[in-house]
Amino acid sequence: MINNNSDFFNQVFQVVRLIPQGRVTSYGAIANYLGAKSSARLVGYAMNASHSQQEHVPAHRVVNRNGQLTGKHHFANPHLMKDLLEKEDIAVDKDAIVNFKNYFWDPSIELVL
DNA sequence: TGGGTGACCATAG
DNA sequence: ACTATGGCCACCC
């Protein structure tokens, strides 16, 4: 059992790691899955610390509600997020995912299965 | 201890 | 349709 002070962070990281390749989700969806009480801001804040994790956290698969790559600027390089997404056959145009709704992966729905 | 901050979201004007 | 604002709550100094 992982006993860390940042349980919330671990929860977020865990969910993000569960995102299948070629799929994306939103901060709000993760917050909703962890509990409506959790604000989406905390998810974004957790992602900010994701780089500190040794295990690879596919943060590029997490975008905002509009499908925009708002967090791209926080990657090693601004173009890295887009590059990683395109590598997973996800089209990105103007920092936004094309057919975002089509790639959307909601943990509160998918994980229930 | 307290206050500021944040890779967001929803609502109101 | 677009812009502005409040709320949300864990983390850091």
Side-chain angles (χ1 to χ4, degrees):
Chain A
M1 184 60 181
I2 320 166
N3 277 337
N4 285 351
N5 295 333
S6 51
D7 274 347
F8 186 82
F9 277 28
N10 271 323
Q11 293 286 346
V12 175
F13 297 147
Q14 190 67 19
V15 174
V16 173
R17 291 193 189 104
L18 290 175
I19 301 174
Q21 192 177 21
R23 296 282 184 163
V24 293
T25 189
S26 65
Y27 304 94
I30 297 173
N32 186 23
Y33 173 72
L34 295 179
K37 299 168 187 172
S38 305
S39 69
R41 279 190 172 187
L42 278 308
V43 178
Y45 192 72
M47 301 314 300
N48 192 1
S50 65
H51 76 89
S52 180
Q53 299 296 313
Q54 289 185 340
E55 283 192 45
H56 175 235
V57 179
H60 59 281
R61 296 180 190 149
V62 184
V63 295
N64 70 352
R65 191 63 176 82
N66 297 319
Q68 294 176 312
L69 281 57
T70 55
K72 69 164 188 175
H73 201 280
H74 283 261
F75 282 76
N77 294 315
H79 57 82
L80 181 61
M81 189 172 185
K82 177 183 176 183
D83 192 43
L84 290 172
L85 287 172
E86 289 180 344
K87 196 177 292 183
E88 298 184 0
D89 296 327
I90 298 177
V92 177
D93 181 47
K94 296 175 184 173
D95 299 336
I97 295 177
V98 181
N99 297 329
F100 168 67
K101 192 177 179 182
N102 193 20
Y103 296 110
F104 186 70
W105 180 86
D106 191 343
S108 64
I109 296 176
E110 303 288 343
L111 292 181
V112 167
L113 297 177

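Note on naming: letters A, B, ... go to the chains in the order of the sequence lines (proteins, then strands), and numbering restarts at 1 for each one. Excluded from the calculations below are hydrogen atoms, water molecules and symmetry mates; all remaining heavy atoms, backbone and side chain alike, are included.
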**OP:** With sequence neighbours left out, write down each residue that passes side-chain hydrogen bond (donor to acceptor under 3.5 Å, both in side chains) with A:Asn102, or none if nothing qualifies.
**Re:** none

Set of side-chain contact (heavy atoms from CB on, under 4.5 Å) partners for [X], sequence neighbours left out:
X       : value
A:Arg41 : A:Ser39
A:Thr70 : A:Tyr27, A:Asn64, A:Gln68
A:Pro78 : none

Subject >> Residues in contact with DNA chain B, drawn from residues 52-69 of chain A - heavy-atom cutoff 4.0 Å >> reply: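 Here the set is A:Ala59, A:Asn64, A:Arg65.
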
Original post:
Tell me, which of residues 73-105 of chain A have any heavy atom that sits under 4.0 Å from an atom in DNA chain B?
Top reply: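 Correct list: A:His74, A:Phe75.
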
Original post:
Considering residues at least two apart in sequence or located in another chain, which fulfil the ring pair (Phe, Tyr, Trp, His ring centres under 6.0 Å) criterion with A:Tyr103?
Top reply: none

Original post:
What residues, two or more places apart in sequence or in another chain, satisfy ring pair (Phe, Tyr, Trp, His ring centres under 6.0 Å) together with A:Tyr45?
Top reply: none

Of the nucleotides [options], which one has an atom closest to the side chain of [X]?
X       : options              : answer
A:Leu42 : B:dC9, C:dC9, C:dG7  : C:dC9
A:Met47 : C:dA10, B:dA7, C:dC8 : B:dA7
A:Phe9  : B:dC9, C:dG7, C:dA10 : C:dA10

Original post:
Counting only side-chain N and O atoms of A:Ser39, is one of them less than 4.0 Å from OP1 or OP2 of B:dC9?
Top reply: no

**OP:** Enumerate the residue pairs fulfilling ring-ring contact (aromatic ring centres under 6.0 Å, His included) with a member in residues 63-97 of chain A, sequence neighbours excluded, ordered by first and then second residue.
**Re:**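 Sorted pair list comes back empty.
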
Polar pairs (N or O, both sides) under 3.5 Å between protein and nucleotides 11-13 of chain B?
none

Subject >> Summary of side-chain hydrogen bond (donor to acceptor under 3.5 Å, both in side chains) pairs that have at least one residue in residues 85-100 of chain A, sequence neighbours excluded >> reply: A:His60-A:Glu88, A:Arg61-A:Glu88, A:Lys72-A:Asp95

Can you tell me the distance, in whole Å, between the [atom1] atom of [X] and the [atom2] atom of [N]?
X       : N      : atom1 : atom2 : result
A:Ile30 : B:dA7  : CD1   : C1'   : 11 Å
A:His51 : B:dG6  : NE2   : C1'   : 14 Å
A:Tyr45 : C:dG7  : OH    : C1'   : 18 Å
A:Arg41 : C:dT5  : CZ    : C1'   : 11 Å
A:Asn32 : C:dG7  : CG    : C1'   : 16 Å
A:Tyr27 : C:dA10 : OH    : C1'   : 17 Å

Original post:
Heavy atoms, side chains only, cut-off 4.5 Å: are A:Leu18 and A:Pro107 in contact?
Top reply: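 Side-chain contact under 4.5 Å: no.
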
Original post:
Distance from A:Asn10 atom CG to A:Gln53 atom CD, nearest 0.5 Å?
Top reply: 6.5 Å

Subject >> A:Arg17: partners by salt bridge (charged side-chain N to carboxylate O under 4.0 Å, His left out), with sequence neighbours left out >> reply: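 Testing A:Arg17 for salt bridge (charged side-chain N to carboxylate O under 4.0 Å, His left out), a comparison that skips the adjacent residues, returns A:Glu55.
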
